[in-house]
Amino acid sequence: MQINNNGITNNTHTNNSQKAGESPKAQASQNAATSADSDSVELSQEALVLKRLETQIIASHDVDTARVDSIRQAIEDGSYTIDADSIASKILETDERL
């Protein structure tokens, strides 16, 4: 940087890393492409396990249709019973684990 006689600042610094005739935008694009070539990603063991589990879940059936059909049939014929004590116990067990 240099100050001229009028007290006005004149910036004479040039970017030496920029190639002659190449715009700063083109240079930035080239730098981004170069760094993208050397980037890599490694997944942790936990991430690999989660990905495997996700794949298994997606491949599995969401609904046990045989069980649903048997419960539906039991409700229709009146043989389905609800054990309120068992349900309450399971809810309490779940709450205790949290």
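All values below were derived from every heavy atom in this structure, side-chain atoms included, with hydrogens, water molecules and symmetry-related copies excluded.
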- Task: Check salt bridge (Lys or Arg N to Asp or Glu O under 4.0 Å) between D83 and all other residues, then give those that pass, not counting sequence neighbours.
- Result: none

- Task: Check side chain to side chain contact (heavy atoms under 4.5 Å, CB included) between S79 and all other residues, then give those that pass, not counting sequence neighbours.
- Result: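 So S79 forms a side chain to side chain contact (heavy atoms under 4.5 Å, CB included) with A74, D77.
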
Find the distance between [atom1] ([X]) and [atom2] ([Y]) and round it off to the nearest 0.5 Å.
X: I87; Y: L92; atom1: CD1; atom2: CG; value: 12.0 Å
X: K90; Y: D85; atom1: NZ; atom2: CG; value: 13.0 Å
X: D69; Y: D64; atom1: CG; atom2: CG; value: 9.0 Å

- Task: Identify the heavy atoms of I71 and Y80 that sit nearest to each other, and give their distance.
- Result: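 Of all heavy-atom pairs spanning I71 and Y80, the closest is CG2-CE1, 3.9 Å.
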
Per-pair distances, 0.1 Å, donor-acceptor, side chain in residues 44-51, under 3.5 Å, sequence neighbours excluded:
| residue | atom | partner | partner atom | Å |
| --- | --- | --- | --- | --- |
| S44 | OG | E46 | OE1 | 3.4 |
| S44 | OG | A47 | N | 3.2 |
| K51 | NZ | E54 | OE1 | 3.3 |

